[in-house]
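Below is one structure, written out as structure tokens, with a few remarks after it.
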Number of protein chains: 2
Amino acid sequence: MRLTSKGRYAVMALVDLARFNNINPVSLRDISLRQGISLDYLEQIFSKLRKKEIVQSVRGTQGGYILNKRAKEIKLTNIFEAVDEKVKTVQCKKDSKKGCNGKLTKCLTHNLWDELENHINNFFDEKSLEDLVKDNNERRV
Amino acid sequence: MRLTSKGRYAVMALVDLARFNNINPVSLRDISLRQGISLDYLEQIFSKLRKKEIVQSVRGTQGGYILNKRAKEIKLTNIFEAVDEKVKTVQCKKDSKKGCNGKLTKCLTHNLWDELENHINNFFDEKSLEDLVKDNNERRV
DNA sequence: TATAAACCCGACTAAAATAGTCAAGTATCA
DNA sequence: TGATACTTGACTATTTTAGTCGGGTTTATA
Ligand code: FES
Ligand code: FES
């Protein structure tokens with residue numbers, strides 16, 4: 001059970017972005033240098049974030065990205081959804097009547113994994129980008 | 001962020017085993033048939049469970065496996081640990097001073113992932129095999 | 001004592017997922 | 001007109017996962 005680097009980087013980059021979120025857009029190049037993430041990879045990630053309207057792009061020189069909502073309103077859930085970092089614990093299709101064993105009843109552990117999935121998603125629902133920025137500022141002091 | 005089938009199967013097989021845990025050992029062949037898990041794969045899994053003293057093996061005809069502790073004392077944590085299904089959210093080495101970016105400070109999100117890891121592990125620490133068997137019996141009624 | 005049921009062990013492999021790279025653009029500012 | 005930065009899509013190497021396979025050894029029982 002591991003977090004992928006796509007999700008990890010997406011959040012990391014957005015925290016970086018949120019910290020500079022005053023007037024000027026922040027370029028991916030800067031984020032890449034500060035956070036040590038490949039520029040090409042960041043571009044993939046931000047393309048998705050833009051399509052889900054989490055960030056806005058500003059093209060041309062001095063361009064970059066800015067948040068499209070207030071940091072308070074961006075939850076981890078939204079970020080993860082945008083970059084397809086999904087929590088998947090059950091094996092079966094959730095809406096199907098069939099279990100992961102192919103039988104017509106759900107397997108012995110189905111319910112457990114479902115609980116787990118909720119447990120994890122609760123964590124993501126609660127944390128906002130603002131929380132993360134604050135946490136970081138406090139730690140820095 | 002997904003659960004692997006090794007962890008999923010390990011728990012599934014143990015729940016099956018725990019339900020029959022009276023006198024006779026349960027053969028992997030039976031579990032394989034009931035739960036639809038490859039026998040060869042089950043053998044790998046039970047080999048690990050045995051080494052971590054979660055189950056005991058009984059060799060020869062009529063052999064199989066029995067629990068090595070009371071179901072109440074076997075937590076999901078123990079099972080997952082036994083089959084190397086580990087929760088890994090941070091990228092960096094935890095004990096190292098270096099961050100995942102190679103720098104000497106931990107990255108902006110390190111603390112967040114650490115919290116997440118704890119959050120997930122809490123869930124695993126609380127659930128015992130007994131809970132799972134009970135849950136299943138209740139649902140069956 | 002032969003046979004079959006079951007555990008035991010290590011090596012191997014196909015498929016999937018991950019973590020990127022690369023190439024060829026377009027928009028905008030100075 | 002150059003430089004900076006976003007945009008897009010295809011491609012690929014690596015790693016992880018989810019098994020398979022082939023050979024054992026042990027033990028109950030007929
Ligand atoms: S995980 Fe849903 S039926 Fe097994
Ligand atoms: S995850 Fe630990 S430093 Fe980034």
Side-chain angles (χ1 to χ4, degrees), chain A residues 1-13 17 20 23-66 68 80 83-89 91 100-101, chain B residues 1-13 17 20 23-33 35-52 54-66 68 80 83-89 91 100-101:
Chain A
M1 179 137 238
R2 50 170 53 207
L3 196 64
T4 69
S5 74
K6 194 166 255 175
R8 202 183 287 114
Y9 288 162
V11 177
M12 202 186 298
L17 185 56
F20 286 81
I23 317 119
N24 302 317
V26 178
S27 74
L28 293 189
R29 188 160 177 285
D30 285 356
I31 298 181
S32 163
L33 289 174
R34 273 196 297 265
Q35 306 304 332
I37 307 171
S38 141
L39 178 57
D40 282 319
Y41 204 18
L42 272 179
E43 282 175 345
Q44 277 186 42
I45 292 170
F46 272 75
S47 164
K48 296 188 180 204
L49 292 173
R50 184 173 55 82
K51 280 174 187 152
K52 294 291 178 152
E53 301 182 334
I54 290 173
V55 296
Q56 259 189 352
S57 68
V58 180
R59 303 188 67 156
T61 336
Q62 310 298 329
Y65 288 91
I66 54 175
N68 198 27
F80 276 14
V83 298
D84 303 311
E85 169 85 48
K86 39 189 170 258
V87 176
K88 193 181 173 198
T89 56
Q91 176 73 348
C100 58
N101 42 23
Chain B
M1 178 137 239
R2 51 171 49 209
L3 197 64
T4 69
S5 75
K6 194 165 254 175
R8 202 182 287 112
Y9 288 162
V11 177
M12 202 185 299
L17 185 56
F20 287 80
I23 316 118
N24 302 318
V26 178
S27 74
L28 293 190
R29 187 159 178 285
D30 286 355
I31 298 182
S32 164
L33 289 173
Q35 307 304 331
I37 306 172
S38 143
L39 178 58
D40 283 319
Y41 203 18
L42 272 179
E43 282 178 346
Q44 276 186 43
I45 292 170
F46 273 75
S47 165
K48 296 186 182 208
L49 292 174
R50 184 173 55 82
K51 280 172 191 155
K52 295 290 177 154
I54 290 173
V55 295
Q56 257 191 353
S57 68
V58 180
R59 303 189 67 157
T61 336
Q62 310 297 330
Y65 289 91
I66 53 175
N68 198 26
F80 276 13
V83 298
D84 303 310
E85 169 85 48
K86 41 189 167 256
V87 176
K88 193 183 171 195
T89 57
Q91 176 72 351
C100 59
N101 42 24

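Proteins come first, then strands; the chains are lettered A, B, ... in the order of their sequence lines, and each starts at number 1. These figures come from a predicted structure and were not determined experimentally.
Regarding contacts with the backbone of D/dA3, every side-chain N or O of A/R59 stays at 4.0 angstrom or more from both OP1 and OP2. Applying the 4.0 Å criterion to OP1 and OP2 of D/dT20, one finds that B/S38 has a side-chain N or O inside that range.
Using a 4.0 Å heavy-atom cutoff across all strands shown, B/Y65 reaches sugar-phosphate atoms only and no base atom. Residue B/T4 is in sugar-phosphate contact alone, with no base atom involved, counting any heavy-atom pair closer than 4.0 Å across all strands shown. In this structure, B/G63 reaches the sugar-phosphate backbone alone: every heavy-atom distance under 4.0 Å involves primed, P, OP1 or OP2 atoms, never a base.
Inter-axis angle, ends of the helix from C/dT1-D/dA30 to C/dA30-D/dT1, five pairs per end, rounded to 10 degrees: 10°.
The CD1 atom of A/I31 sits 4.0 Å away from the CZ atom of A/F46 when rounded to the nearest 0.5 Å.
At distances below 3.5 Å, not a single donor-acceptor pair connects side-chain atoms of A/S5 with backbone N or O atoms of A/R8.
Counting heavy atoms from C-beta outward, A/Q56 and A/P25 have side chains that stay 4.5 Å or more apart. With contacts defined as side-chain heavy-atom distances shorter than 4.5 Å, the pair A/V87/A/F80 does not qualify. Put simply, the side chain of A/V55 does not reach to within 4.5 Å of the side chain of A/I66, judged on heavy atoms.
When the nearest nucleotides of DNA chain D are assigned to B/E43 and B/S5 by heavy-atom distance, the more 5′-ward of the two goes with B/S5. Sequence order on DNA chain C of the closest nucleotides to B/R50 and A/Y41 puts B/R50 first from the 5' end.
The outermost nucleotides of DNA chain C lying under 4.0 Å from heavy atoms of chain B, listed 5' to 3', are C/dA4 to C/dA11.
Residue B/L49 forms a side-chain contact (heavy atoms from CB on, under 4.5 Å) with just one option from B/I54, B/L17, B/L42, and that option is B/I54.
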Check your understanding: Going 5' to 3' along nucleotides 9-14 of chain D, which nucleotides have protein heavy atoms under 4.0 Å from the base (write B), which only from the sugar-phosphate (write S), and which from neither (write -)?
Key -> -B----
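Look at A/D84 and A/K6 and you find no salt bridge, because none of the NZ, NE, NH1 or NH2 atoms lies under 4.0 Å from a carboxylate O.
Dense packing is recorded around CD of A/E43, with more than 12 heavy atoms of other residues, nucleotides or ligands lying under 6.0 Å away.
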